[in-house]
Each structure stands twice: as C-alpha cells, then as structure tokens.
Number of protein chains: 2
Amino acid sequence: MFDLDLRSRKPIYEQLVEKFKELIIKEVLQADEKLPSVRTLARQMTINPNTIQKAYRELETQGYIYSVKGKGSFVQVSDDAVNQEELMKIKEKLTADISEALYLGMTRTEIEQLIKEAEESIGGQKTND
Amino acid sequence: MFDLDLRSRKPIYEQLVEKFKELIIKEVLQADEKLPSVRTLARQMTINPNTIQKAYRELETQGYIYSVKGKGSFVQVSDDAVNQEELMKIKEKLTADISEALYLGMTRTEIEQLIKEAEESIGGQKTND
DNA sequence: TAACTGTATTAGTATCCTTAGTACAGTTAA
DNA sequence: TTAACTGTACTAAGGATACTAATACAGTTA
C-alpha cells in the first residue's frame, strides 16, 4: 500500500498515521471508503496487528476515520464542527511555523505560494498518484 | 525567566528550545545578547544543568545561538545562508500543516491572516511582553 | 588563584515502541 | 447455526530510546 521506514526513529504507527492522513486529505481515499483490516494490513506489511490498531485508533481520535466492530474502519466525512479541537492545534502549529519561516528568510509571498499549491493538491486529482 | 510544565509529556529541554526560539524570533533577545549560563538558569528553575545544556546544544544546532567555552552562550545573528537546512524543514512542515488546515475547514484568507499577524509580532515590539 | 563559563562522559531511570498471545464481541455469508 | 471475517481489550515481555543526574575536564576573567 505504501512504504515505511522500519529503521526510522519515527515510530511505525506514526508513519502510518501520516500516510493515511495524507491519502485522506488528498482524497485518494474517499468518504466512507473501507480501509484494509488491521490483520490484513499487518500481514501485508509484516508488522504486528497491534501497531496497525494503534494507528487506526489515533486516526479515529483525530476524526479522520471511524470504526465499526465486525465491519471495518472507514474514512470519516470531514465535519468542521467535530474537528474544532484539531483545528485549534493546527492553528497554533501554523502560527509558530510561520513565524519561524519568516525569521529564517522566507517571504510572505513564498508562504502564500505554498497555500496555493496545497489548495490545488487537495481537490484537483482523480485516482492517479 | 519563563514558565515550564515539569509534568508535561513534552521534555523540559524541548520546552526550553521552543521558549528561546520564540524570544529570539520576536527579538526580545537580540543578536549577540548573552543567555543565562547553564548553571545559573538551572539553579533558577531547579532543574539539572545538563538539561539546560541539551537545550542550548539544540539551539546551536539549529543556528539560533552560539557558545564560547568559558564565556557563555549568545544569540546568533540570523544568516539566511546558514539556515537553509532549517528552512527546508520548516517548508515541509508548513506544506503538510497547510493541507491539513484547509482540509479541516480553514480558509486561505484565515491562513493569510496568520501570516500577517506573525509579520507584525516579529519586528514590531520593544521590551514589553 | 578563585569563580565563573561551556563541554564531555558515564550511568541509572523512566518511558515508549513493538511484538506476542489470548480473549471477547459484532457482522456476514454459506 | 457455523465459520470466517471484522474491531477491541488486555497483559506481558523485550528492546530501544530519551531524559535526567553526577562528575570531571577545559577555557575565561578579574
């Protein structure tokens, strides 16, 4: 499904969370689409099912997926009201990172260009990579 | 000098790095200004000098301060050429965070407003808090 | 020389990550 | 109903990493 760096200092489950978030944000995985089961994905990547479950639980906490016992895990429809807490966190991160970027010599225009690129990468694609 | 949360899961030295970066970016601490010695600050905050040193080393690695054996640690003059590596890291973080913010419902205008606020908070202040 | 400064090394502790095994509960299709 | 799938919970163990502490060394300054 995607590549992981098992030798990275970054935990496997965190890498999984990031990968899935990226796929969901870019709508490669669409609303209500079924994710691979924890056991199936664990077998495919030869890692422990508990590690997958930990990633899925984190994704559920952050509001990106929902799970139904006996059925599976699915992509959550983005709901602005639900994710208010996550929005606050991102806003704080953005504020700090923007300050640092400006301090390191990045210009307002360059940051605005990043926003533009992000906007395009979100809606504007089909099933290609 | 500032508050730390000793019970936080976030390591003390990381909190120190963030605080100092903020002070340097906002120019509360100015170029070549002397930072408190590792032992003095450690005594003030009743934590181990090594923890302060670890924070200072990290700040030095990121190009925010420089240290001279026997003299002390001082705020580094921001040099766009030197910090290119840090700039790359920030750019990647910004790209991911902007995508997530947009997905969670933040608008381009709101993000641009954050940029504006960051610009104002950097240059526009004296010694007040 | 005395008192300050940063730095390096070692060691103990704590925490986190991953794996493994087991068990329970809900869903689905034969 | 049964079999095979799904998510979920729990415990235990091992290893790796991170954090903090204590000590010693080295340079600066008055």
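Each chain gets a letter, A, B and so on, in the order its sequence line appears, and its residues count up from 1.
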*Asks:* Check whether any side-chain nitrogen or oxygen of B:Lys71 sits under 4.0 Å from OP1 or OP2 of D:dG27, and answer yes or no.
*Replies:*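 Answer is no, no contact under 4.0 Å.
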
*Asks:* Given atom CG of A:Leu35 and atom C1' of D:dT6, what is their separation to the nearest angstrom?
*Replies:*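 Whole-Å distance recorded here is 13 Å.
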
*Asks:* Judged by each residue's nearest nucleotide on DNA chain D, which is more toward the 5′ side, B:Lys54 or B:Asn50?
*Replies:*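 Whichever sits nearer the 5' end wins; that is B:Lys54.
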
*Asks:* Grab the CD-P distance between A:Gln53 and D:dC10 for me, whole Å please.
*Replies:*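 Between P of D:dC10 and CD of A:Gln53: 10 Å.
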
*Asks:* Just N and O in the side chain of A:Lys69: are any of them under 4.0 Å from OP1 or OP2 of C:dT27?
*Replies:*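 For C:dT27, OP1/OP2 do not have a side-chain N/O of A:Lys69 under 4.0 Å.
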
*Asks:* Just the rounded figure in Å: distance from P of C:dT5 to OH of B:Tyr66.
*Replies:*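 So the OH-P distance, B:Tyr66 to C:dT5, works out to 16 Å.
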
*Asks:* B:Arg43 CZ to C:dC4 C1': how many Å, rounded?
*Replies:*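 Taking atom C1' of C:dC4 as the reference, CZ of B:Arg43 is at 10 Å.
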
*Asks:* Within a radius of less than 6.0 Å around CD of B:Glu60, do more than 12 heavy atoms belonging to other residues, nucleotides or ligands occur?
*Replies:*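 Yes, enclosed.
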
*Asks:* To the nearest 0.5 angstrom, please state how far the OG1 atom of A:Thr40 sits from the CZ atom of A:Arg43.
*Replies:*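 A:Thr40 OG1 to A:Arg43 CZ: 5.0 Å, rounded to 0.5 Å.
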
*Asks:* If you find the nucleotide of DNA chain C closest to B:Val38 and the one closest to A:Glu14, which residue's nucleotide is nearer the 5' end?
*Replies:*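 Here B:Val38 is the residue nearer the 5' end.
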
*Asks:* Which part of the nucleic acid, if any, lies within contact of B:Arg9, taking any heavy atom under 4.0 Å across all strands shown: a base, the sugar-phosphate backbone alone, or nothing?
*Replies:*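 Since no nucleic acid heavy atom lies under 4.0 Å of B:Arg9, the category is nothing.
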
*Asks:* What is the distance from atom CD1 of B:Ile115 to atom CD of B:Gln113, rounded to the nearest 0.5 Å?
*Replies:*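 If we round to the nearest 0.5 Å, B:Ile115:CD1 and B:Gln113:CD are 10.0 Å apart.
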
*Asks:* Counting just side-chain N and O atoms, does A:Thr51 come under 4.0 Å of either OP1 or OP2 of C:dT19?
*Replies:*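 It does, given that an N or O in the side chain of A:Thr51 lies less than 4.0 Å from OP1 or OP2 of C:dT19.
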
*Asks:* Which nucleotide, C:dA23, C:dT19, D:dA24, lies nearest any side-chain atom of A:Arg39?
*Replies:*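 From the listed options, C:dA23 comes nearest.
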
*Asks:* What contact category does A:Arg57 fall into here, base, sugar-phosphate, or nothing, at under 4.0 angstrom with non-hydrogen atoms?
*Replies:*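 A:Arg57: no heavy atom of the nucleic acid under 4.0 Å.
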
*Asks:* From B:Ile65 CD1 over to B:Ser73 OG, what is the distance, rounded to the nearest 0.5 angstrom?
*Replies:*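 Going from CD1 on B:Ile65 over to OG on B:Ser73, the span is 4.5 Å.
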
*Asks:* If you assign A:Thr46 and A:Val68 each to the DNA chain C nucleotide with the nearest heavy atom, which residue ends up on the more 5' nucleotide?
*Replies:*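 Closest to the 5' end, via its nearest nucleotide, is A:Thr46.
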
*Asks:* By nearest atom, which of the nucleotides D:dC19, D:dA22, C:dG6 is closest to the B:Pro11 side chain?
*Replies:*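 Selected nucleotide (nearest to the side chain): D:dC19.
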
*Asks:* Is there a Watson-Crick or G-U wobble partner for C:dC24 with both distances under 3.5 Å, and if so, which one is it?
*Replies:*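 The base-pairing partner of C:dC24, which may sit in any strand shown, is D:dG7.
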
*Asks:* Quick one: is D:dG7 close enough that its OP1 or OP2 comes under 4.0 Å of any side-chain N or O from A:Ser67?
*Replies:*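 Checking D:dG7 against A:Ser67, no side-chain N or O comes under 4.0 Å of OP1 or OP2.
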
*Asks:* Would you tell me if any nitrogen or oxygen in the side chain of A:Thr40 comes within less than 4.0 Å of OP1 or OP2 on D:dC5?
*Replies:*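 So the side chain of A:Thr40 is outside the cut-off, no N or O lying under 4.0 Å from OP1 or OP2 of D:dC5.
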
*Asks:* Over how many whole Å does the gap from B:Gln76 atom CD to C:dG6 atom P extend?
*Replies:*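 It works out to 16 Å between those atoms.
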
*Asks:* Does CD in B:Glu117 sit with more than 12 non-hydrogen atoms of other residues, nucleotides or ligands closer than 6.0 Å?
*Replies:*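 Counting other residues, nucleotides and ligands, CD of B:Glu117 exceeds 12 neighbours.
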
*Asks:* Distance check needed: C:dC17 C1' versus A:Asp5 CG, whole Å only.
*Replies:*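 Distance, rounded to whole Å: 15 Å.
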
*Asks:* Across all strands shown, which nucleotide pairs with D:dA30 by Watson-Crick or G-U wobble geometry, both distances under 3.5 Å?
*Replies:*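 D:dA30 is paired with C:dT1.
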
*Asks:* Taking CD1 from B:Ile12 and C1' from C:dT13, how many angstroms apart are they, rounded to a whole number?
*Replies:*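 After rounding, the gap between these two atoms is 14 Å.
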
*Asks:* Can you find a side chain N or O atom of A:Ser37 that sits less than 4.0 Å from OP1 or OP2 on D:dT6?
*Replies:*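 Looking at the OP1 and OP2 atoms of D:dT6, one of them is under 4.0 Å from a side-chain N or O of A:Ser37.
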
*Asks:* Whole-Å distance between D:dG7 P and A:Leu41 CG?
*Replies:*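 These atoms are roughly 10 Å apart.
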
*Asks:* With respect to the phosphate group of C:dG6, does any side-chain polar atom (N or O) of B:Tyr56 fall under 4.0 Å of OP1 or OP2?
*Replies:*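 So the side chain of B:Tyr56 is outside the cut-off, no N or O lying under 4.0 Å from OP1 or OP2 of C:dG6.
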
*Asks:* Please check if any side-chain donor atom of B:Glu86 sits under 3.5 Å from a side-chain acceptor atom of A:Tyr103, or the reverse.
*Replies:*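 There is no such pair between these side chains.
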
